[in-house]
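Letters go in sequence order (proteins before strands), and every chain restarts at 1. What you are looking at is a predicted structure, and each value in this text was computed from that prediction instead of being measured.
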Number of protein chains: 2
Amino acid sequence: MTTDGVDPQGTLTQLRAFLAQAPLSVDSRLPPERELCQQLGVSRGELRKALATLEAEGQLWRHVGKGTFIGARPAESLADLSTATSRTNPAEVMQTRILIEPEITRLAALNATAADIAEMRTCMARSRSATSWRQYESWDNRLHRSIAEATRNTLLLAMFDTLNAVRRAVVWGRLRANRTRPDPDHHSFKEHEEIVGAIADRDMNEAAQAMRRHLQTVERKLLNYSQ
Amino acid sequence: MTTDGVDPQGTLTQLRAFLAQAPLSVDSRLPPERELCQQLGVSRGELRKALATLEAEGQLWRHVGKGTFIGARPAESLADLSTATSRTNPAEVMQTRILIEPEITRLAALNATAADIAEMRTCMARSRSATSWRQYESWDNRLHRSIAEATRNTLLLAMFDTLNAVRRAVVWGRLRANRTRPDPDHHSFKEHEEIVGAIADRDMNEAAQAMRRHLQTVERKLLNYSQ
DNA sequence: TCTGTTTACCATTGTCTTATTGGTTACGAA
DNA sequence: TTCGTAACCAATAAGACAATGGTAAACAGA
């Protein structure tokens with residue numbers, strides 16, 4: 001194993017020298033392969049071998065249609081709705097809801113106005129009188145969102161909307177067709193009452209716990225049987 | 001005031017009839033004004049008056065370059081990083097962090113592996129030996145993210161990243177220049193120790209409370225004096 | 001036979017141009 | 001004045017085109 005067996009024509013060395021000499025800062029794009037191989041006087045295949053080595057070393061990264069860039073590949077942000085949706089699952093969604101929504105409810109109990117609470121009660125009444133699961137879920141959604149609105153924190157509301165969007169995408173096909181409308185004694189009705197009641201009482205701890213109990217019921221129903 | 005003073009040519013009535021007859025479901029786009037006014041045999045001005053009435057009634061919505069659509073105008077999603085950033089403020093950001101991150105820490109105490117905890121300790125050590133505020137904040141960021149990673153919930157991690165992106169954008173210009181590096185007895189060092197210690201002990205409640213105490217200190221420093 | 005070069009093609013991405021659309025204004029006719 | 005017509009504007013959408021990394025086949029040279 002001779003040294004020139006590793007880098008026969010010195011393409012890699014030549015490329016390193018070029019990068020050291022060129023005025024390229026981090027995240028800047030270097031010339032396209034078709035130009036660069038002419039500048040260095042090597043074939044495109046040899047150049048790509050050297051580039052592959054540097055990429056393996058983490059000194060640069062490449063992407064079709066974009067180019068070749070200095071530095072570390074930008075981590076694909078998980079903070080993106082589509083990528084988050086494609087990588088998660090219903091169990092994670094419920095766990096996240098159980099973590100976050102009770103705390104939202106706690107803050108709602110502190111900040112909700114009378115109008116907010118009236119809005120929640122309206123949503124509850126409409127969900128009770130829903131004539132289809134689709135209607136019920138619409139009002140259920142709106143109830144949960146009105147609680148998030150009551151926190152008077154736009155960022156928190158945005159986080160809730162994000163979570164909600166992921167939830168809808170993940171449990172998409174889940175259409176309950178076995179019954180045409182919710183039972184009058186559907187568990188959610190009583191649980192919603194408890195949540196909104198605690199918010200109206202300004203009982204922050206009870207509000208949070210009621211929401212947690214509600215979501216845990218939903219999770220149980222979701223993961224064990226369908227509904 | 002005669003009846004035909006309200007709708008002289010009956011354009012509005014004609015348009016209502018057209019919409020009732022046409023096979024247009026919710027969210028579907030109706031023909032552009034230039035076509036529609038020919039179909040109905042009225043001038044574009046008259047058509048636009050009728051459309052304005054229906055829009056005021058909430059039966060349709062219009063937008064330049066897009067068209068005219070049946071149904072309610074889609075609410076601009078707050079679940080968007082840029083809009084959320086532009087409407088929130090540092091106080092909301094801290095409130096949201098104090099609500100969410102302790103719960104993340106609680107779950108991390110349950111799910112963290114030994115490797116996760118080692119990663120957290122590495123971040124703490126690096127932040128202690130940082131020679132600039134910029135370095136310190138980089139390792140502080142990475143510590144908080146490693147805690148979110150330890151939850152083993154990709155959706156929760158995505159939510160954390162979202163919150164973090166907003167935080168960075170909101171408190172952007174805030175560069176601490178009064179000292180070149182953090183004090184060796186900076187409050188965060190001890191608080192980070194308590195958080196990671198509780199995670200290592202699998203003490204979920206203490207982990208959550210330690211994180212809450214830490215963030216409340218950060219909030220106090222942020223809102224009262226700068227740092 | 002093996003290695004490297006050339007060439008062509010592909011899928012993805014970015015950029016530029018063009019067309020469409022609601023909104024507005026000016027002008028003229030009734 | 002009132003209303004229809006035309007023209008223009010800004011925002012948006014859609015398509016055309018070019019550029020780029022990735023890949024395989026054909027070819028040449030040892």
Side-chain angles (χ1 to χ4, degrees), chain A residues 1-2 4-15 18-19 24 27-74 76-77 80 82-83 86, chain B residues 1-2 4-12 14-15 18-19 24 27-74 76-77 80 82-83:
Chain A
M1 178 185 292
T2 63
D4 54 9
V6 176
D7 188 16
Q9 313 304 330
T11 308
L12 184 55
T13 306
Q14 199 175 351
L15 180 56
F18 172 83
L19 292 180
L24 296 174
D27 289 342
S28 65
R29 201 181 81 175
L30 47 84
E33 295 177 353
R34 290 164 178 81
E35 290 183 17
L36 192 51
C37 66
Q38 285 189 0
Q39 290 187 28
L40 300 185
V42 300
S43 74
R44 198 177 155 213
E46 285 299 314
L47 172 63
R48 285 183 53 74
K49 279 192 214 165
L51 286 173
T53 302
L54 290 185
E55 186 178 28
E57 290 176 0
Q59 304 202 14
L60 51 82
W61 63 276
R62 304 180 279 179
H63 193 290
V64 189
K66 292 183 176 176
T68 306
F69 300 84
I70 307 291
R73 179 186 306 272
E76 65 173 308
S77 75
D80 176 17
S82 59
T83 62
S86 64
Chain B
M1 177 185 290
T2 62
D4 54 9
V6 176
D7 188 15
Q9 314 305 331
T11 308
L12 183 54
Q14 199 176 351
L15 181 55
F18 172 82
L19 292 180
L24 296 173
D27 289 345
S28 66
R29 201 182 81 176
L30 49 84
E33 295 178 353
R34 290 162 177 82
E35 291 182 16
L36 193 50
C37 65
Q38 286 190 0
Q39 291 186 27
L40 300 185
V42 299
S43 74
R44 197 177 157 211
E46 285 299 315
L47 174 62
R48 283 183 53 74
K49 280 193 214 163
L51 287 173
T53 304
L54 291 185
E55 186 178 28
E57 292 176 359
Q59 303 201 15
L60 50 82
W61 62 277
R62 304 181 279 179
H63 193 288
V64 190
K66 292 183 176 176
T68 307
F69 300 84
I70 308 291
R73 181 185 304 272
E76 65 172 311
S77 75
D80 177 18
S82 59
T83 62

Check your understanding: When you check every protein heavy atom under 4.0 Å of nucleotides 20-29 of chain C, what one-letter string (B, S, -) results, 5' to 3'?
Key -> -BBBB-----
If you round to the nearest 0.5 Å, how far is [atom2] of [Y] from [atom1] of [X]?
| X | Y | atom1 | atom2 | value |
| --- | --- | --- | --- | --- |
| A:Arg44 | A:Leu47 | CZ | CG | 8.5 Å |
| A:Ser43 | A:Arg48 | OG | CZ | 11.0 Å |
| B:Leu60 | B:Leu24 | CG | CG | 10.5 Å |
| B:Leu54 | B:Thr68 | CG | OG1 | 10.5 Å |
| B:Glu57 | B:Leu12 | CD | CG | 6.5 Å |
| B:Trp61 | B:Glu55 | CH2 | CD | 10.0 Å |

Between the protein and nucleotides 25-30 of chain D, list the N/O to N/O atom pairs that are separated by less than 3.5 angstrom.
none

Protein-nucleotide distance ([X], atom [atom1]; [N], atom [atom2]), rounded to Å:
| X | N | atom1 | atom2 | result |
| --- | --- | --- | --- | --- |
| A:Gln38 | D:dT20 | CD | P | 12 Å |
| A:Lys49 | D:dT23 | NZ | C1' | 15 Å |
| A:Trp61 | C:dT12 | CH2 | P | 17 Å |

Practice item. Ignoring hydrogens and angles, tell me if any N or O in the side chain of B:Glu46 forms a donor-acceptor pair with the backbone of B:Thr11 under 3.5 Å. Key: no
Review point. For the side chain of B:Arg29 and the backbone of B:Lys66, is there at least one donor-acceptor N/O pair under 3.5 Å apart?
Key: yes
